[in-house]
Structures are given as structure tokens and as C-alpha cells.
Amino acid sequence: MSKRQRARLFRGIQYGILVVALLVLVLAADWDALGRAFFDPAVIANQFPEVMTVALVNTITYTAMGFAFALAFGLVIALMRLSSVGPYRWIATLYIEFFRGLPALLVFLALGVGVGYAFGLNLDRSLSIMLALGLVGGAYIAETIRAGIQAVPKGQVEAARSLGMSPARTMITVVIPQAFRIILPPLTNELILLTKDSSLAFILGSTLAQHELTQFARNALNTDRSLTPIVVAGFCYLMITLPLSYLSRRLERRFGKGARTGPGRE
Amino acid sequence: MSDTTQPVVEISGLHKSFGSLQVLRGVDLQVERGQVVCVIGPSGSGKSTLLRCVNLLEEPTSGSVVVNGVELTDPDCDIDAARVRIGMVFQSFNLFAHLSVLENLTVAQRKVLRRSKEQAEEVARRNLARVGLTDKEHAMPAQLSGGQQQRAAIARALSMDPEVMLFDEPTSALDPELVGDVLGVMRQLAEEGMTMLVVTHEMQFAREVADQVVFMDGGGIIEQGDPASVIGAPSHERTRTFLSRVLDPTHHGPSDPAV
């Protein structure tokens, strides 16, 4: 058998396995049971409209607050990481390594429960969520922003300084705007991760009106005794994250090419 | 304001090392008002570093640089203020990639010189006209050819009303057919009386436009004088070797000993 024939045979076998597996699945599965478990129309009807008007809105709100804080905080940490003052660099590095290494759940616990026990001071629930998501997201975002700042060609800084701009002015006017273009795609990924992390808010306890998607689904799971609420919540998450992924890919394509001036001399 | 008899650029005893590598070993050079000085020499001779020391993009290890009567090497010197009057043009253009051509020309006028938007745009348009890019003010840098980008970069530097312009191999990154546009703009600037310090490999430009040609090698000035003598009748062996390689490159095999 020639090499080409062998390759063709091998590809044929791969398709064959796929077809057989699908056939077995279709014939063997109990579609009625599956349909009842995952797509029970009565249970789906039960979820609406609260899953949208309350849970989805809460998830988006928590994520947006956390992301805003993470972005501002991450920028500060990134600038500290690049500072010429040694201790600032050390603090920033320590911070990043520490918070990147912790499960987000632990941070939620610390802020929502630990702070209360330790200082007898009860943080507002929304504030706790924002802080927890911001502290964790900020550590990741700081590294992303730092990489973005360092990816701005050195010539851009030299040109700005040659025109008499101070280092701070150069950073604000030339470097940061360009860094953000470079990091928009990874930043969108951070936003997606944060959207999912917002589910950890359940650990802080919540009233019905404070439920976000995961907690909402969990509740419905107990009352409706079905897998359907989880499927509904899953679709709601996808309603947030899929457009973000799409946006991220588009931005990547748009900024990926032609965004540079001339030949870089790196 | 500045004394007209005093040189615009006065470099004395300039040394620059990167770690243990000595790039400049005691350079003295003066550029008089209205003069065009071209610096030529093989790569690695320190000519770009010399130019970058004139606006302190590189910090000299020792020696002094005085521009427009201000000693830039003085630690108390306000370097940002001094750089406003020193225009710099780079080999790789370095237009701000996120700004349109017009914004490239106005951003420093507004943020550094605190000019109004109207005034900055008026100055910018005047300088775009000087370099022949009037119709490109709304283009983004990436949409321009290399030659257009470099002319926009020259216009950006001119918009700050510099006393002296520094050119760091301004045509080295250009396709051959675009070199002429940029050299034409530079020649016109020279004819208008701009003080210029130009690091270049364009021997014809140096010969025709320069008042003085400086040949550098190994971190020092080997010889300097009017173009006719330095390029036309070099007195130093190293200059002769360099020039014959540049002007007649096909007649040298790779086995030629390095200069």
C-alpha cells in the first residue's frame, strides 16, 4: 500500500468510528428520559421570567462591578510592577503571585466570612463580591496589562520623550492607549473567567432577589427535582460568554494586523 | 534669545559605554547655527549613539552636551523642556500607531506646549504642506507608505518649532524608490536654514547638502571637514576603505578584511 492509500484508509477508519459511536448513542439512549431530565418544558416555564430578570441581571451586575474594580486595581498593580522603585515592584509581584495562586472561593470566604469573624465588621454583600472578584481578577489583569505595556514598541516611547513629554505623560498619552489595544482580546477572556467566578457569590448567602444564575439554578434544582434548571442556567451563561468570545476573536483579527508603524527595531 | 554666534550643538569629551562595551571614546563635535552636519561611518561605529546622546535618549557616561546654550548633561537640567527644541527623526519613523497623522502632529503641541487645538492644527497643517502630505491628515500611520510615514514624522518634529533637527538614518528602512521623497524634504529644510545633524548612509545627500561631513569609526571621529575633502579626497585610510565599500560595493569580496 502506498503512503497516500494508507493515509486515506486511516482517515476512513476515523470517520467510521465516529459514525458507529453516534449510531450507538442514538439507538441506545433513552431519549424520553433524557428529554424529561434536561428539557422539561414545565420546569423551564417555571424558571421564567426570574432566571432572566433576577438571576441573569445579578450575574451581570456582580461581574461588571468586579471587572471594573479588577481593571482599575490591575492597572495600579501593573504600573507598580514596572516601577523603578524596588519595593513597589516586590509588593506587586508578591500580590500577583499570592492571589493567582489562591482559589477564588477562598477569597470569597475570607472576605464574606473571615473578615466578619476577625474584625467584627460585616462588609456589605455587594462590596464583598466586588472586592473578591476584583482582588482575584486584578492579579490576572495586572499581568496582562504589564505584558501589554511592555509590548508597545520602545520607539513609541522614544518618540514621545523626544517631543518633550514627561515619563508620566508618555505613559498616559502614548503607551497605555496602545497597550489596551494589544490586550483587548486577553482582557475579554478575563471578563469571561470573571463571569463564571461570580457564581461563587453563593458562599456569601443570599436572599431570593440576590440570587445569581448558579444559586438560582441550585434553588430550582431542589424545588423542581430536575436537571433542567442547570441547563437553563448554562444557556444563560452562554448568552453572556459566547458574544464575548466572538467579540474577542473579532478584536484579535482587527488589531492583529496593520496596527504597527513601520519596521520595529526590537 | 539664543546667541547667534554660539554653536547650536556643542559636544565635548563624550564617552558612552554599555556595560563593558565602549561605544563612544571621547567625541568632540560642534554644529553651528544653520549648518548641516552629516555623520557617516560603518555600522557599530557609534554614530547613532552619538546622535541619541544629543537629546539624551542615551545617557552619556561622561563628557558634556550643550544644546542651545543649555547643558543637557547637567543633572539639574529640565530635559523634557530642552527636548522640545530638539527635533528627532528615527530610522523606524515611530509615528504614534493609535493616532491619525494630524493627531500625531498636534498631540505634543497640545500636551507639552499647551497650544490650543486650533493653533496646533494650524501649525500641523502648515508642516504637512511642507512635506507634501496635505491630503493625508486623517490617515492612520499604518495606511501610509514608509516614505509618507517618515515625512509625517519629520512634520511632527517640525511642529514643535525646533532649533535643531536630529536625523537617525532616516532613509535606511525605506524601499529604494521612496528614499528620494524623504531626502527631498530634508534638502528643502536645509535650504531653509534649519540646523541639522544627520546620521546617514546616503553619500550623495551628504556630498550635496552637508556643510560638514564627519567620519566615525570605532567610537571616535576619524576625520571631518567639508564634503569635498572627506568624501571626495579622504586623507585617512579607514575613511577610504569605508567609502570604497559604500560607493563601489560590488568590487569587494566578502574576504576583505574588516575595517
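Predicted model only: the values in this text are computed from it and were never measured. Side chains included, hydrogens not; waters and symmetry mates left out as well; all remaining heavy atoms used. Lettering of chains follows the sequences in order, A, B, ..., and the numbering in each one begins at 1.
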Tell me, side chain or backbone of B:L57 under 4.5 Å from chain A's heavy atoms, or both, or neither?
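The answer is the side chain of B:L57.
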Test of ring centre spacing under 6.0 Å for A:Y95 and A:F73:
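Yes - the distance between ring centres of A:Y95 and A:F73 falls below the 6.0 Å cut-off.
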Picking from [options], which has the most non-hydrogen pairs under 4.5 angstrom with chain A?
options: B:Q150, B:R156, B:Q109, B:M88; result: B:R156
options: B:D78, B:V112, B:V84, B:V89; result: B:V112
options: B:G87, B:G146, B:A108, B:A82; result: B:A108

Can a donor-acceptor pair be found, under 3.5 Å and without considering hydrogens, that links the side chain of A:T144 to the backbone of A:Y140?
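Checking the backbone N and O of A:Y140 against the side chain of A:T144, a donor-acceptor pair under 3.5 Å is found.
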Taking B:D168 for the side chain and B:Q91 for the main chain, is one N or O donor matched with an acceptor at less than 3.5 Å?
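Answer holds: no.
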Electrostatic pair B:K47:B:D217 at N-O distance under 4.0 angstrom
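The answer is no: the pair does not qualify as a salt bridge.
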By a 4.5 Å heavy-atom criterion (distance strictly below it), what part of A:R169 contacts chain B: side chain, backbone, both, or neither?
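Interface part for A:R169: side chain.
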Give a yes or no on this: more than 12 heavy atoms of other residues, nucleotides or ligands lie within 6.0 Å of atom NZ of B:K111.
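No - once you tally the heavy atoms of other residues, nucleotides and ligands closer than 6.0 Å, there are 12 at most.
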